[in-house]
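First the structure, in the form of structure tokens, and then the observations on it.
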There are 2 protein chains.
Amino acid sequence: MEQKMKPKPRERILQVAADLFYRQGYTQTGINQIIAEADIAIGSLYKHFPSKSDLLVAYLEMKENEWLEDFEKFCKGTDNPKELIIKYVDFRIEHQQNTAFCGCPFIKIMSQLDTTDDKVQQIVEAHKSKQKALLYSFFKQIPDIGSWDKKQLSENFFVLVEGAIVTTTILRNTQALESARKFIKKII
Amino acid sequence: MEQKMKPKPRERILQVAADLFYRQGYTQTGINQIIAEADIAIGSLYKHFPSKSDLLVAYLEMKENEWLEDFEKFCKGTDNPKELIIKYVDFRIEHQQNTAFCGCPFIKIMSQLDTTDDKVQQIVEAHKSKQKALLYSFFKQIPDIGSWDKKQLSENFFVLVEGAIVTTTILRNTQALESARKFIKKII
DNA sequence: GTCTATAATCTGATAGAC
DNA sequence: GTCTATCAGATTATAGAC
């Protein structure tokens, strides 16, 4: 049995769309570009994804799953909570380097769309809440630290990293992320 | 002499475009919508702004000037550096409340455009550098604080607020900004 | 400087043959 | 499932009259 080189059409569409949405932006990416780069017929695209916004939702759900999987892999073998907190920054530093400082897919999408109370808002919110909860679960496991409240500390650290990601895309270097890393290492 | 109610065409265009670019996004806003809402002819628009991207640059430069002016007004009468640092957060909290959590115009634009090394990148970078320098000038004036390096502290605080702004637009409340405010108040 | 009219192109989406 | 052909509307931008 020979293995085909190209993935199945649906996967190809999603992969190409994901790449373009992330790099160019959702509104700046047209259906025509997607079908051209995925080497697919337009009829096939609309068979798999009834509208462009359906494709957007599929893209975000894919990113969500990817993130969790990749982060778990990245932390494999580590169970020290302090190390895990640092791993969280390291993971995001690595991701920004690998993507040429393209930023966070979820934050970018929120900036691109008009703020309507739709499904996208919900997905982004859920994603960020999950990250925040994950970080808090690490902070809860470390011994008490001075007069710091762990809940507050973990939330501010989460927000600090969010800001560092954004700053990273503006300045096109990882300085803000490295600085956030030092900051939290000093505290915990 | 009677005062006309409407501002001059150029100002009207810029004001309408600014509002739409900020709320809807740059790519999502068409020339037609701008001329309709500004009640202007399309020929006039292209007389004042040869292209849509010229309008974008003018919009960002306007926001830059507005920010500095408004912040100075907001700080009028305050010269205590610790107070000024808190004022910086308060100013941005107020701005987010006034704009229904639309976020930072500069961060939003960066997320909307393909990362090309153009004028926009330059304007955004300059704006953020100016903010960072302003904050550092406040931190330098306060007495030594524990084992904290003021440069590092001010940079991380700046980044923290950036993250809080972004988080604010996702969760549609000022919690992250309030939390950042408490955090820095505790340290300084 | 402002207007109307329009060019040339691209948008997301649909229909129907194979 | 894939293809070609096409829709209706929106896109940025230009030309020429007033």
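Letters A, B, ... are given to chains in the order of the sequence lines, protein chains preceding strands, and every chain is numbered from 1. All of these numbers come straight from a predicted model, not from anything done at the bench.
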Tell me: [atom1] of [X] to [atom2] of [N], nearest whole Å?
X: A/L56; N: C/dG12; atom1: CG; atom2: P; answer: 12 Å
X: B/F49; N: D/dT14; atom1: CZ; atom2: P; answer: 16 Å
X: A/Q33; N: C/dT9; atom1: CD; atom2: P; answer: 18 Å
X: B/K47; N: D/dT14; atom1: NZ; atom2: P; answer: 12 Å
X: B/D39; N: C/dT2; atom1: CG; atom2: C1'; answer: 12 Å
X: A/L45; N: D/dG1; atom1: CG; atom2: C1'; answer: 13 Å
X: B/I34; N: D/dA10; atom1: CD1; atom2: C1'; answer: 13 Å

Take the angle between the ring planes of A/Y22 and A/H95 and call it parallel below 30°, perpendicular above 60°, tilted in between. tilted
So, is B/H48 close to the C/dT2 phosphate, meaning a side-chain N or O under 4.0 Å from OP1 or OP2? yes
Does the structure place the NZ or CZ of A/K87 under 6.0 Å from the centre of the six-membered ring of A/F74, at an angle of no more than 45° from the ring's axis? yes
Would you say that more than 12 heavy atoms from the other residues, nucleotides or ligands in this model lie under 6.0 Å from the CD of B/E125, or not? yes
How about B/F91 and B/W67: are their ring centroids closer than 6.0 Å? yes
I'd like to know whether the aromatic ring centres of A/W148 and B/F183 sit less than 6.0 Å apart in this structure. yes
Go through the steps for A/M110 and A/K128 under the test side-chain contact (heavy atoms from CB on, under 4.5 Å), then give the verdict. CA-CA 12 Å; A/M110 283 299 288; A/K128 291 303 180 187; over 6 Å; no
Option among B/Q122, B/K132, B/K63, B/E64 that satisfies the side chain to side chain donor-acceptor pair (under 3.5 Å) test with B/H127: B/E64
Residues from residues 19-30 of chain A lying under 4.0 Å of DNA chain C - heavy atoms: A/T29, A/G30
When you check every protein heavy atom under 4.0 Å of nucleotides 13-18 of chain C, what one-letter string (B, S, -) results, 5' to 3'? BB----
For B/S179, does its backbone N or O pair with a side-chain atom of A/Q152 as donor and acceptor, under 3.5 Å? no
I'd like to know if the side chain of A/N65 reaches the main chain of A/M62, judged simply by a donor and an acceptor atom lying under 3.5 Å from each other, with no hydrogens or angles considered. no
